[in-house]
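Computed over heavy atoms, backbone and side chain alike; hydrogens, waters and symmetry mates excluded. In what follows, every chain begins at residue 1, and chains take the letters A, B, ... in the order their sequences are listed.
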Number of protein chains: 2
Amino acid sequence: MFRISGQSYIAGAWVSPESMEFQSFNPYTKESMYGFTSCGTDEVEQAASAAARAFQIYRSVGGAAIGNFLNVIADEIESLGDQLLEICDSETGLGLVRLTGERGRTCGQLRAFGALAIKGEWVQASIDTALPDRAPLPKPDLRRMMLGIGPVAVFGASNFPFAFSVLGGDTASALAAGNPVIVKGHSAHPATSELFARAMESAISKCGMPDGVFSLLQGANRQLGADLVKDPRIQAVGFTGSEGGGRALMDLAAARPQPIPVYAEMGSINPLFIGPKTLEIQAASIAAGLSGSVCMGTGQFCTSPGLAVSVSSEVFEAELKQKLSETPRGYLLNPRIASSLQESLKRMRSHPQVEWLNEDDFEEGSMTPPNAVFKTSGSTFLGDASLSEEVFGPATLYVECDDESQMMEVARNLNGNLTASVHADEDMELAAELYIVLEQKAGRVIYNGYPTGVEVCPSQQHGGPYPASSVTTATSVGAGAIVRFARFVAYQGTPDNLLPAALKNANPMGIYRLVNGEMTSGPI
Amino acid sequence: MFRISGQSYIAGAWVSPESMEFQSFNPYTKESMYGFTSCGTDEVEQAASAAARAFQIYRSVGGAAIGNFLNVIADEIESLGDQLLEICDSETGLGLVRLTGERGRTCGQLRAFGALAIKGEWVQASIDTALPDRAPLPKPDLRRMMLGIGPVAVFGASNFPFAFSVLGGDTASALAAGNPVIVKGHSAHPATSELFARAMESAISKCGMPDGVFSLLQGANRQLGADLVKDPRIQAVGFTGSEGGGRALMDLAAARPQPIPVYAEMGSINPLFIGPKTLEIQAASIAAGLSGSVCMGTGQFCTSPGLAVSVSSEVFEAELKQKLSETPRGYLLNPRIASSLQESLKRMRSHPQVEWLNEDDFEEGSMTPPNAVFKTSGSTFLGDASLSEEVFGPATLYVECDDESQMMEVARNLNGNLTASVHADEDMELAAELYIVLEQKAGRVIYNGYPTGVEVCPSQQHGGPYPASSVTTATSVGAGAIVRFARFVAYQGTPDNLLPAALKNANPMGIYRLVNGEMTSGPI
């Protein structure tokens, strides 16, 4: 058991900046708990300079050492035991069942990236051997692979306090690629963040890694994040959160003397389309499935389905209303999300063309919102861009279209999304038309399913067109996430002793390489 | 033979915007030649709306049709015959030998991307089949591949009027990925650009492609490029040119409501490091090799070596001076490059700590600059950031360091570069130290060679840390360039008839796919 110190962890040292205090908040009791102080420019400077120094060591320790390090980090997280779950539950209201699952996923991610680092094939090694006698010019020997880029800034997300926070997917993939990480901890779960830093401290010590490979900067002000992104030693940013927050970081990064990539996973309304004939037959089961997806995690998932698009159906409307109303209220993560949801619900309630089908109270100060379903017409939705804004919480908007052609019009007018779903077993022609549009609007198109629950596997794509993601080609879930924090380097005519192991003639790592256009794990 | 009309080509129509006229310029005779008018907002609107419509057709024609289209484009370029070479030579002064080679490379690029499109493996298809009985949750079927992103804006480069201009590598890779292209032609070779559009017009007609798949907007003002980048239908930008020009486009793209990627290949000084012991033995041969690389194409390559870093050597200095002075002067591309080089040479000449070893005249209005070598000390170079600025033209700066440790200091202080070269056969310890630093500073590290001459093969990396490139992970040369203009989409639980061919069970394209973690070209 650790005592929560309220400190930040900077390159091996626990520090208490002298600044405004902030507290973590218990959504169950509405009481303030642990006190922390925010880091400032001095702490960013210390963390960044230590990270830059550490990079020169860490980038060369090799995949086996990095893989072991990631495995030890996972072990140390598990060693935190129930204290981690209990403190996090008290800071987030997510419940022990969900947090136990999320801890498993988080440790699984670390070990999966550890395995990638150990195997070493993620560097995409490619070798074209020389043709010294080629006419008119000899062909040089060229060999290419990916290398880490340098210190990475990671912003913890409030809705995934384990899997997308201090030691979550962004940190794990950045470390696996050979980069130090500086985390700006989310101010809604600072005690949870501190425990992760304790686990990391222990892993760094056990593995003999350079202290600067990791820092956790606690803070409750935007300036800290801005300072971190602007620091010239930071080479990339990982972020999961709101569109406003992500865009602010993107703008700062783009305005640097050296612009850097920001991998931000932001807003998404995750539309669900239901074919008219399919709705006739499956109204009750789809209403039940949609309702379950909307209410999961009190609607605080980036893949929560905020839009159901179909034609008019009394049965669907009644079933959806009933299922959502009978689902017990859950807890929201923090007062900021609660007040933002209050605003959103107020806006929807006062919209003259929107009906709140199961209108219910959500009092000022309450942390347990109603599970809400709204209804509007296709033409209203098409004419009012504000109805496409994400409502973060357990709410969905049923868009009642006149016909299939209006449903297609809604599809064509969508912004970028992480996911889009289609239920159309009885409407295959419409399904085909929808797929052509939705694959241009979303990172993942789902058939007969619901968007929450993101399978971690090589074919997963978690990232879609803006504003769902800042870099639409990138995925923040799955093995593909590692390449966000690496770049290609080619070596021309280079003697074997100067080449990285992955490119040496003997192939000492035994990895698959593209050699003169063919994949092989043999030597040259 | 075509008559040069001075028009732009927008979605199948030749148009003459009413605006200020500009002329193409002959560097040999210093005479103005063909007259053109610049496109404006109306023409951007026409081209972009046609491209958006064409995308909905072109994205679905299939890899075989796209591959055939790219092959026909290459054929049509060859059909332009000597007129293309002669007109381009008169607009650029690059000479028929170089242009014949560059035409071959350009057609080779088109055919190589055509072959990629036909084979269809570039989409990186990946399939994870369902596990419906998995506990606690069933695993869904997930399949992922790359798709085109939409209309791409390409900016022609003055120094590669074929290979990185209207139908160059950016256009070829964007078309291959299934995207329409709108080219902003470079104002220094508009007649050359027009001929390429004639070839394209014929290819579009022969292949029955939608007219909007290609437009050429001629123009001699920056506003046109800005309008194009800001158009909401444009989804990515390809650019080769100056750091100032590239950064301006990056800033515009980052400030859009929907930010888009700009793949800009910009400034690079391409340092060459020579170990002290190696220099003692190889001074003459390295001076000859360096001189050849500096003078190639009148120094107008992005990979031109602008910096030679070593210790003091009278032999090297004398040889370099002699070789550069005895190389005949070449022609610069256009008056803007000439006056910019005049400014740079003036700045170097007036620098109190820089010596122009072979000082020679470069009169106002001349298009044939001297091949220049400057010398300065390591400490001067380290103390004056202006000496790290690219001098575009046949010039190099010999940085005479006190010792190896100062050479390392110079290496550590470099900005991002496309290339860095090392000559160190007799200095292997220094070489090892240099490699560790230079692989962090450049996209390609060259041993015992010179940076000009970019081999086109899978292991090539043409793109380095900023300011060499805007997106340091991307390459603008080689097969890897295609992924710049595509994004991943995952399909979950999708019936076979709704899946793209690359992901169908039967694998009708016969491509290698990652199926449940193993590469296979078989069916599911």
message: The test is side-chain contact (heavy atoms from CB on, under 4.5 Å); show your working for A:Tyr466 and A:Thr472 and say whether it passes.
response: CA-CA 7 Å; A:Tyr466 189 88; A:Thr472 181; over 6 Å; no

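The residue among A:Arg256, A:Met145, A:Gln124 with the most heavy atom pairs within less than 4.5 Å of chain B is A:Arg256. For the set B:Gly493, B:Gly443, B:Ala431, the entry with the most heavy-atom pairs within less than 4.5 Å of chain A is B:Gly443. Heavy-atom pairs under 4.5 Å with chain B were tallied for A:Pro458, A:Ala254, A:Ser60; the largest tally goes to A:Pro458. The residue among A:Arg143, A:Arg144, A:Gln56, A:Met146 with the most heavy atom pairs within less than 4.5 Å of chain B is A:Arg144. In terms of non-hydrogen atom pairs under 4.5 Å with chain B, the most contact-rich of A:Thr473, A:Leu142, A:Ile149, A:Thr475 is A:Leu142. Comparing B:Gly150, B:Pro257, B:Gly148 by heavy-atom pairs within less than 4.5 Å of chain A, the highest count is held by B:Pro257. Comparing B:Arg59, B:His462, B:Met428 by heavy-atom pairs within less than 4.5 Å of chain A, the highest count is held by B:Arg59. Heavy-atom pairs under 4.5 Å with chain A were tallied for B:Pro259, B:Ala432, B:Gly453, B:Pro140; the largest tally goes to B:Pro259.
Residue A:Asp128 touches chain B through both its backbone and its side chain, counting heavy-atom pairs closer than 4.5 Å. For A:Pro136, no part lies near chain B; criterion is any non-hydrogen pair under 4.5 Å. For B:Ala486, the part lying under 4.5 angstrom from a heavy atom of chain A is the backbone only. Neither the backbone nor the side chain of A:Arg513 comes within contact range of chain B; no heavy atom of the residue lies under 4.5 Å from a heavy atom of that chain. Contact of A:Ile436 with chain B is made through backbone and side chain together, with heavy-atom distances under 4.5 Å. With a 4.5 Å cut-off on non-hydrogen atoms, A:Ala442 touches chain B through its backbone but not through its side chain. With a threshold of 4.5 angstrom between heavy atoms, B:Ser421 does not approach chain A through any atom at all. Interface remark: A:Asn497 contributes side-chain atoms only to the contact with chain B (heavy atom separation under 4.5 Å). If you measure heavy-atom distances from A:Phe488 to chain B, the contacts under 4.5 Å come from both the backbone and the side chain. Contact annotation for A:Leu498: both backbone and side-chain heavy atoms come within less than 4.5 Å of a heavy atom of chain B. Both the backbone and the side chain of B:Ile446 come within contact range of chain A, each with at least one heavy atom under 4.5 Å from a heavy atom of that chain. Interface remark: A:Ala255 contributes backbone atoms only to the contact with chain B (heavy atom separation under 4.5 Å). Contacts between A:Arg484 and chain B at a heavy-atom distance below 4.5 Å are absent for every atom of the residue.
To the nearest 0.5 Å, the span separating CD on A:Gln492 from OG on B:Ser459 amounts to 11.0 Å. Annotation: the span from B:Glu243 atom CD to B:Ser470 atom OG amounts to 11.0 Å, rounded to 0.5 Å. The distance from atom CG of A:Asn415 to atom CD of B:Gln258, rounded to the nearest 0.5 Å, is 9.0 Å.
Within the 4.5 Å cutoff, no side-chain heavy atoms of A:Tyr263 are placed close to those of A:Ser476. Side-chain atoms of B:Gln440 and A:Phe55, non-hydrogen and from C-beta on, do get closer than 4.5 Å to each other. Contact annotation: the side chain of A:Pro465 never approaches that of B:Gln235 to less than 4.5 Å [non-hydrogen atoms, C-beta and beyond].
Salt bridge absent: A:Glu455 and A:Arg444 never bring a charged side-chain N and a carboxylate O closer than 4.0 Å.
Not one N or O on the side chain of B:Asp141 forms a donor-acceptor pair closer than 3.5 Å with the backbone of B:Thr494. Distance alone, capped at 3.5 Å, is enough to place a donor-acceptor pair between the B:Thr278 side chain and the B:Glu426 backbone. Judged by distance alone, the side chain of B:Lys504 and the main-chain N or O of B:Leu499 form a donor-acceptor pair under 3.5 Å. Although no hydrogens or angles enter the test, the distance criterion places no donor-acceptor pair under 3.5 Å between the side chain of A:Asn417 and the main chain of A:Lys441.
Heavy-atom contacts from other residues, nucleotides or ligands closer than 6.0 Å to NZ of B:Lys119 number 12 or fewer.
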